[in-house]
Amino acid sequence: MDRVRVTAKAELGAAGLPVGRPVLVLVGGAGGMAGDDLDALVPVLVDLVPLLDACGAVVVDGGTDVGVMRAVGRARAAAGGAFPLVGVAAEVAVDLDEFEPNHTHLVLVPGGTWGDESPWLADVADVVAGPQPSLTVLVNGGLITFDDAEHSLVRERPLVVLRGSGRTADAIAESADERSTAIATSPLTTVLGSDELRAHVERVFRAGGR
């Protein structure tokens, strides 16, 4: 795993990351994600792996060995994926041995609490994608996941919310409160079932633009 520490977005261009490639930003459940929800997610992500490889895509997530980040790392390994898997985490929020081992890159950013990495996830995705298509996929999640969704929308990055995956994702899918409704009703937001995800990602990436 290649590790780099940055203190400003301007440093990301020299951080050794793959650039000019389609990007899937994966956000959502971490330690609070139930085991059943995690088990259900892995085959969905395994199904995505050949497509991500074929499109030359990069996946960006929080990098730790829990929740959706564990699921995508395990899926990549199980399916023999080759796509770069970039974790982004606040430098003092976690120990280095807590990162998911199948990630290829780790970007450590300033911050001392969970959630400090949220705007950086979006920044890293911007730098890696450049003019190539990108989208954010939201699965399950807690309060920080709302921030992740909003950072995606502010940058005009399409957001896919995986209906039925629990917690934040389901709150948005159901427009459960004012914040959820604002995200759900954005023209950039699409709510999908897990069986629809692969086809949607393929449409976005094959289209060659956002």
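- A search for salt bridge (charged side-chain N to carboxylate O under 4.0 Å, His left out) contacts involving Asp147 returns Arg179, not counting sequence neighbours.
- Ile172 CD1 to Arg167 CZ: the interatomic distance, rounded to the nearest 0.5 Å, is 12.0 Å.
- Of the possible donor and acceptor atoms, none in the side chain of Glu117 sits under 3.5 Å from a partner among the backbone N and O of Trp120.
- Under the rule for a side chain to side chain contact (heavy atoms under 4.5 Å, CB included), the partners of Glu11 that lie at least two apart in sequence or sit in another chain are Val6, Thr7, Ala8.
- Atom CG of Asp61 and atom CD of Glu100 lie 8.0 Å apart (nearest 0.5 Å).
- At least one donor-acceptor pair closer than 3.5 Å links the side chain of Thr145 to the backbone N or O of Gly142.
- Using modelled atom types and a 3.5 Å distance limit, the side chains of Thr136 and Arg157 yield no donor-acceptor pair.
- The nearest pair of heavy atoms linking Ala57 to Pro84 is O-CD, 3.5 Å.
- With sequence neighbours left out, Arg70 forms a side chain to side chain contact (heavy atoms under 4.5 Å, CB included) with Leu38, Asp65, Arg74.
- When hydrophobic clusters are built by joining Ile, Leu, Val, Met, Phe, Trp and Tyr residues whose side-chain heavy atoms come closer than 4.5 Å, directly or via intermediates, Val42 is not grouped with Val44.
- Connectivity analysis of hydrophobic side chains (ILVMFWY, heavy atoms under 4.5 Å, direct or indirect) links Val154 to nothing; its cluster partners are none.
- Every residue two or more places apart in sequence or in another chain that forms a side chain to side chain contact (heavy atoms under 4.5 Å, CB included) with Pro119 is listed here: His151.
- Without hydrogens or angle criteria, Thr64 side chain to Glu98 main chain gives no donor-acceptor distance under 3.5 Å.
- In this structure, the side chain to side chain contact (heavy atoms under 4.5 Å, CB included) partners of Ala30, at least two apart in sequence or on a different chain, are Val66, Met69.
- Of the possible donor and acceptor atoms, one in the side chain of Arg76 sits under 3.5 Å from a partner among the backbone N and O of Phe83.
- The nearest pair of heavy atoms linking Ala90 to Gly111 is CB-O, 3.7 Å.
- Ala75 and Leu45 make their closest contact through CB-CB, 3.7 Å (heavy atoms, listed as atom of the first residue, atom of the second, distance).
- You'll find the side chain of Leu159 stays beyond 4.5 Å of the side chain of Leu188, heavy atoms only.
- Panel note: side chain Asp53, backbone Ala82; a donor-acceptor pair is recorded below 3.5 Å.
- Residue Pro22 comes nearest to Gly56 through the heavy atom pair CD-O, 3.8 Å, listed as atom of the first residue, atom of the second, then distance.
- Qualifying side chain to side chain donor-acceptor pair (under 3.5 Å) partners for Ser165, counting only residues two or more places apart in sequence or in other chains: none.
- Taken from CG in Leu41 to OG in Ser194, the straight-line distance is 9.0 Å, to the nearest 0.5 Å.
- Both Met1 and Leu108 are assigned to one and the same hydrophobic cluster, defined by single-linkage of ILVMFWY side chains at heavy-atom distances under 4.5 Å.
- Val68 and Val86 fall into different hydrophobic clusters, where Ile, Leu, Val, Met, Phe, Trp and Tyr residues are linked whenever their side-chain heavy atoms come under 4.5 Å apart, directly or through other members.
- Not a single donor-acceptor pair under 3.5 Å links the side chain of Arg198 to the backbone N or O of Leu48.
- Residues satisfying the side chain to side chain donor-acceptor pair (under 3.5 Å) criterion with Asp116, sequence neighbours excluded, are Thr113.
- The minimum heavy-atom distance between Ala149 and Leu138, with the atom names listed, is CB-CD1, 3.7 Å.
- Between atom OG1 of residue Thr168 and atom CG of residue Asn140 there is a gap of 7.0 Å, rounded to the nearest 0.5 Å.
- Counting only residues at least two apart or on different chains, no salt bridge (Lys or Arg N to Asp or Glu O under 4.0 Å) pair has a member in residues 17-40.
- Partners of Arg163 under the salt bridge (charged side-chain N to carboxylate O under 4.0 Å, His left out) rule, at least two apart in sequence or in another chain, are Glu196.
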Can you check side chain to side chain contact (heavy atoms under 4.5 Å, CB included) on Val107 and Val60, steps first, answer last? CA-CA 10 Å; Val107 182; Val60 176; over 6 Å; no
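- Minimum interatomic distance between Val161 and Ala169 (heavy atoms only, all atoms of both residues): CG1-O, 3.3 Å.
- Not counting sequence neighbours, Asp47 has no partner by the side chain to side chain donor-acceptor pair (under 3.5 Å) test.
- In this structure, the side chain to side chain donor-acceptor pair (under 3.5 Å) partners of Asp177, at least two apart in sequence or on a different chain, are Ser180.
- The distance from atom OG1 of Thr190 to atom CG of Leu135, rounded to the nearest 0.5 Å, is 9.0 Å.
- If you take CD1 on Ile183 and CD on Glu178, they are separated by 11.5 Å, rounding to the nearest 0.5 Å.
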